[in-house]
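Both ligands and their constituent atoms are indexed starting at 1 by order of listing.
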Amino acid sequence: MGSVGEQVGSAGLIELYRCMVRIRSFEEHAHKTFLKGGMPGFLHLYSGEEAIAAGVMDVLAPDDYIVTSHRGHGHLLARGGDPKRMFAELYGRVDGYCRGKGGSMHIADMGHGMLGANGIVGAAVNIGTGAAFACKYRGDRRVSVAFFGDGSTNRGTFHEALNLAAIWELPAIYILENNHYGVANPQSDHTKLKDLADRAAAYGFPGVVVDGNDVLAVRAAAAEAVERARQGGGPTLIEAKTWRHWGHFIGDSAKYRDPVEHQSWLDRDPIPAFGKVLVAKGVATEAELQAIGEEVEAEMDAAIEYGRQSPFPDVSELTMDVYVGDPQGTSAGGRS
Ligand SMILES: Cc1ncc(C[n+]2csc(CCOP(=O)(O)OP(=O)(O)O)c2C)c(N)n1
Ligand SMILES: [Mg+2]
């Protein structure tokens with residue numbers, strides 16, 4: 001575990017813990033509801049990977065950009081997204097981030113510089129690189145962070161984007177969430193590399209391996225990469241090694257995983273591990289951590305109920321936000 005409190009005060013450490021607990025609770029609420037048949041669509045849960053979103057988001061400035069993947073709930077929550085609007089989106093309701101028409105894999109929140117989740121595997125790499133180009137072109141000292149999985153690094157577009165980011169020295173940070181599987185394919189079936197961070201060497205910028213279940217280690221690696229990018233030092237690839245607690249999507253029983261390996265990762269669950277550190281260092285008591293859990297549970301109970309009670313969009317909205325290009329919003333179905 002990275003050294004406690006080196007750069008983060010007690011309040012900040014507790015917020016990191018709370019952030020992870022909020023993500024876990026959001027995902028478990030979605031999971032339970034989905035399994036009961038109460039939620040439409042397709043959900044990819046982030047449970048087990050919370051330390052990555054929490055650690056990275058903690059070092060970003062409010063006007064930096066993030067782009068995420070099909071497994072993006074945790075990133076938006078850690079970035080300050082509203083769980084009520086997220087649940088409304090998951091339910092396909094009008095109070096959702098996309099007025100119910102995007103669902104889990106298409107939530108965007110421009111107010112938090114969140115340029116979107118994406119069902120196209122690895123698309124965040126390219127969109128994030130484009131945003132990093134915009135930051136550099138405008139000279140506004142913002143950075144752009146892309147989140148994606150291990151499987152995504154086998155797409156040709158990944159290599160094109162990283163090469164451009166290198167050559168143009170863009171303020172891009174690539175967060176590779178290595179949960180060791182792309183759907184049911186283990187890493188050893190989809191690449192010969194042990195450390196996917198090694199891919200950065202091919203483009204001439206740093207590739208860093210970090211324990212993705214250690215929120216402080218992730219935070220420290222991200223802080224260094226963000227600082228380098230802001231100072232004009234170009235991109236970094238951070239490979240955060242982690243594990244998803246559930247299958248690829250809800251309904252995938254993940255029988256393809258070795259149960260012993262699975263258990264060994266569950267034993268390294270990032271939330272209780274960090275809780276133990278906070279207690280051992282006297283930053284929080286067991287009772288205080290439990291109270292955080294209860295507060296968050298109540299928050300997510302209310303948020304999911306808000307989503308459930310939100311109305312469906314009216315049929316007249318069918319083509320709203322589908323077409324762009326008319327700044328007055330007067331063309332059929334358009335809205336600027
Ligand atoms: C371009 C593209 N190819 C294939 C798919 C189907 N698909 C959805 S998720 C996924 C695996 C992604 O694995 P990884 O990048 O490791 O992310 P993880 O789900 O493990 O977080 C695939 C192949 C897709 N959505 N888009
Ligand atoms: Mg993966």
Are the side chain of Lys194 and the backbone of Ser188 linked by a donor-acceptor contact shorter than 3.5 Å?
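Here the side-chain-to-backbone pair does not exist.
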Within the side chain of Arg79, is there an N or O that forms a donor-acceptor pair under 3.5 Å with the backbone of His112?
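Yes.
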Quick one: does [X] get an N or O within less than 3.5 Å of an N or O on ligand 1?
X      : result
Gly151 : yes
Phe148 : no
Arg244 : no
Tyr181 : yes

Under 2.8 Å from the Mg ion (ligand 2), which protein N, O or S atoms do you find? Ignore water molecules.
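Those protein N, O or S atoms (cut-off: under 2.8 Å from the Mg ion (ligand 2)) are Asp150 OD1, Asn179 OD1, Tyr181 O.
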For [atom], find the nearest protein heavy atom and state the residue, atom name and distance (0.1 Å precision).
atom                    : answer
atom 21 (O) of ligand 1 : Arg71 NE, 2.8 Å
atom 11 (C) of ligand 1 : Val183 CG2, 3.4 Å
atom 22 (C) of ligand 1 : Val121 CG2, 3.5 Å
atom 13 (O) of ligand 1 : Gly182 CA, 3.4 Å

Can you tell which part of His44 has a heavy atom less than 4.0 Å from ligand 1: side chain, backbone, both or neither?
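Near ligand 1, His44 shows nothing, with every heavy atom at 4.0 Å or more.
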Mind checking whether His248 contacts ligand 1 via backbone (N, CA, C, O), side chain (CB onward), both or neither, at a 4.0 Å heavy-atom cut-off?
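Under 4.0 Å from ligand 1, His248 contributes side-chain atoms alone.
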Looking at the rings of [X] and [Y], which for Trp means the six-membered one, are their centres under 6.0 Å apart?
X      : Y      : answer
Phe158 : Tyr174 : no
His248 : His70  : yes
Trp246 : His44  : no

Any chance the side chains of Tyr65 and Arg142 put a donor and an acceptor closer than 3.5 Å?
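There is such a pair (donor and acceptor under 3.5 Å, judged by atom type) between the side chains of Tyr65 and Arg142.
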Which ligand 1 atoms, with their elements, are less than 4.0 angstrom from a heavy-atom of Asn179?
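Result: 18 (P), 20 (O), 21 (O).
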Hey, which atoms in ligand 1 end up nearer than 4.0 Å to a heavy atom of Ser152?
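Result: 15 (O).
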Salt bridge check, Asp150 against Lys241: does any charged N sit closer than 4.0 Å to a carboxylate O?
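Salt bridge between Lys241 and Asp150, a charged N being under 4.0 Å from a carboxylate O: no.
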